[in-house]
Participant: 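The structure under discussion is supplied below as structure tokens; questions concerning it will follow.
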Number of protein chains: 2
Amino acid sequence: MAKPYHHGDLRAGLLDAAETLLDTEGIAALSLRAIARAAGVSHAAPKHHFRDLTGLLTALTTIGFERFRAALLAEVHPEMPPASRLRALGSAYLGFARAHPGLFQLMFRSERLDWTSPDLRQAASAAFAVLSDIDAPSGASAGPIPREGLVRALARWSFVHGVATLWLDGRVAAMAAKHQQPDPGGIVHDMLAWLP
Amino acid sequence: MAKPYHHGDLRAGLLDAAETLLDTEGIAALSLRAIARAAGVSHAAPKHHFRDLTGLLTALTTIGFERFRAALLAEVHPEMPPASRLRALGSAYLGFARAHPGLFQLMFRSERLDWTSPDLRQAASAAFAVLSDIDAPSGASAGPIPREGLVRALARWSFVHGVATLWLDGRVAAMAAKHQQPDPGGIVHDMLAWLP
DNA sequence: CATTAAATCTTTATGCTGGAAAGATTTGGC
DNA sequence: GCCAAATCTTTCCAGCATAAAGATTTAATG
């Protein structure tokens, strides 16, 4: 039996291939042609499912934000005291960044995303809501937060995000080496004590 | 008088052209050919001054880190009380990111840099030293910092860097809009109060 | 000053990329 | 069974990075 003309579920196949490629070869290897090759189709086939490379990466990133949100929610439980919730959330944020560095880069530092996509916006917004709703985790995210709370939430987010970014970029390791500290991972863990 | 065969100082000309292109067209427009065109030479001319595009961008980024360091040092004065120094430094960090977003992106989120370059490493290290030396600004950066201080310094750095990153990416504005707050810049400013 | 070596820039070529257009094949509605 | 739509391939164009070879200018040496 030769390869059938129709793939079956090329859309999912392309997203799968893209993620595998992202994990194995890194973000720079994410070309439309390479993804199509990995999925076993011609380089023009993706056109019918995604407008262009940006469209494909935007879809993949949307999935990434959904997984990110799930990873955060999995670590936060309503019965936890607020301080523990905060620590758990920060730890989950860093854990996701470390477990899926390629996806994390795509989500936060890619210039090839279409941020006008409603799906992407919604997924990203839902993930970030987990962070800002930490003081009221009982689904009270209906109304807008007052300015003070927003500033606090953004400060927390900035801190954890900064840690994740500098860590993934190897700055923490470089700094630790420079000051003769052997355990960058432990340092990152200790940094969470400074979470606002 | 026709265009002379030799440029005179093509190395500086290319770096100039690259920075102009970065400021006007954004980081995505930084192709070797576009830079060469802007400098008025053939696309193979840069080869003699930089090994490849990575080499050129690495040199430009090195300059960026030197300017970054100068911008930080310009705002910090020994006679300031430590708390003021900290605030001033954070403010200068954000100010640089806002004033030179393209350069900032190149410095912190580009995959096309050669981090084995001694020049780049030295420039980056010197810039970061301004941040970690804040508690002892009198040039006492000779020896390594103890672990506690390193964690604290990295925490501060992570926070400011996270703020800058989320700000430049438009997340602060998006979050502010979602919660009906009109002034993202003011929010960013207020976030600095949470600096560890 | 003349000659030669080195430095600098251009031309040419290869192979990758994204994207558009047109053709081939299969599926599904009628 | 037939036609339209969906899906995939082939072909084509332009831009990119990089390498190699050639042209031109500068500099060094005698």
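Proteins get letters first, then strands, A, B, ... in listed order; numbering begins at 1 in each. Note that the coordinates shown come from a computational prediction; the quantities given were computed from them, not determined experimentally.
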Participant: In whole angstrom, what separates A/Leu10's CG from D/dT9's C1'?
Facilitator: 12 Å
Participant: Quick one: which of C/dG19, D/dC8, C/dT10 gets closest to the side chain of A/Leu32?
Facilitator: C/dG19
Participant: Please determine whether residues B/Leu86 and B/Met80 belong to a single hydrophobic cluster, defined as Ile, Leu, Val, Met, Phe, Trp and Tyr linked transitively by side-chain heavy-atom distances below 4.5 Å.
Facilitator: no
Participant: Of all the nucleotides listed (D/dT9, D/dA6, C/dA7), which has the minimum atom distance to the side chain of B/His48?
Facilitator: C/dA7
Participant: Return the value, rounded to whole Å, for the distance between atom CD1 of A/Ile35 and atom C1' of C/dT17.
Facilitator: 12 Å
Participant: Pick the closest DNA chain D nucleotide for A/His49 and for B/Arg33 by heavy atoms, then say which residue is nearer the 5' end.
Facilitator: A/His49
Participant: Check whether any side-chain heavy atom of B/Leu32 sits under 4.5 Å from a side-chain heavy atom of B/Phe50, and report yes or no.
Facilitator: no
Participant: Between B/Arg11 (CZ) and C/dC9 (P), how many Å, whole number?
Facilitator: 13 Å
Participant: What I want to check is whether an N or O donor and acceptor connect the side chain of A/His43 with the base of C/dG18 at under 3.5 Å.
Facilitator: no
Participant: Measure the acute angle between the ring planes of A/Phe65 and A/Trp115, then classify it against the limits of 30° and 60° as parallel, tilted or perpendicular.
Facilitator: perpendicular
Participant: Given A/Leu103, which of A/Thr61, A/Leu60, A/Asp23 fulfils the side-chain contact (heavy atoms from CB on, under 4.5 Å) condition?
Facilitator: A/Leu60
Participant: Checking contacts here: which listed nucleotide (C/dA20, D/dC8, C/dG18) is nearest the side-chain heavy atoms of A/Ser31?
Facilitator: C/dG18
Participant: Taking for each residue the nucleotide of DNA chain C bearing the nearest heavy atom, is the 5' side occupied by A/Leu30 or by B/Pro46?
Facilitator: B/Pro46
Participant: B/Asp9 has an atom CG; how far is it from atom C1' of D/dT25, in whole Å?
Facilitator: 16 Å
Participant: B/Phe128 pairs by ring pair (Phe, Tyr, Trp, His ring centres under 6.0 Å) with which of B/Trp157, B/Tyr93, B/Phe68?
Facilitator: B/Trp157
Participant: Given atom CG of B/Leu14 and atom P of D/dA17, what is their separation to the nearest angstrom?
Facilitator: 13 Å
Participant: Calculate the interatomic distance between B/Leu56 atom CG and D/dT18 atom P; express it in whole Å.
Facilitator: 11 Å
Participant: Considering only C/dA21, C/dG18, C/dC9, which nucleotide approaches the side chain of A/Leu53 most closely?
Facilitator: C/dG18
Participant: Take atom CG of A/Asp52 and atom C1' of C/dG18, then tell me their distance rounded to the nearest Å.
Facilitator: 9 Å
Participant: Does a side-chain N or O of B/Lys47 approach OP1 or OP2 of D/dT18 to a distance below 4.0 Å, or not?
Facilitator: no
Participant: So B/Arg37, base contact, sugar-phosphate only, or nothing? Heavy-atom distance under 4.0 Å.
Facilitator: sugar-phosphate
Participant: How close or far is atom P of D/dA20 from atom CZ of B/Arg51, stated in whole angstroms?
Facilitator: 14 Å
Participant: Of B/Ala44 and B/Arg112, whose closest DNA chain D nucleotide lies nearer the 5' terminus?
Facilitator: B/Arg112
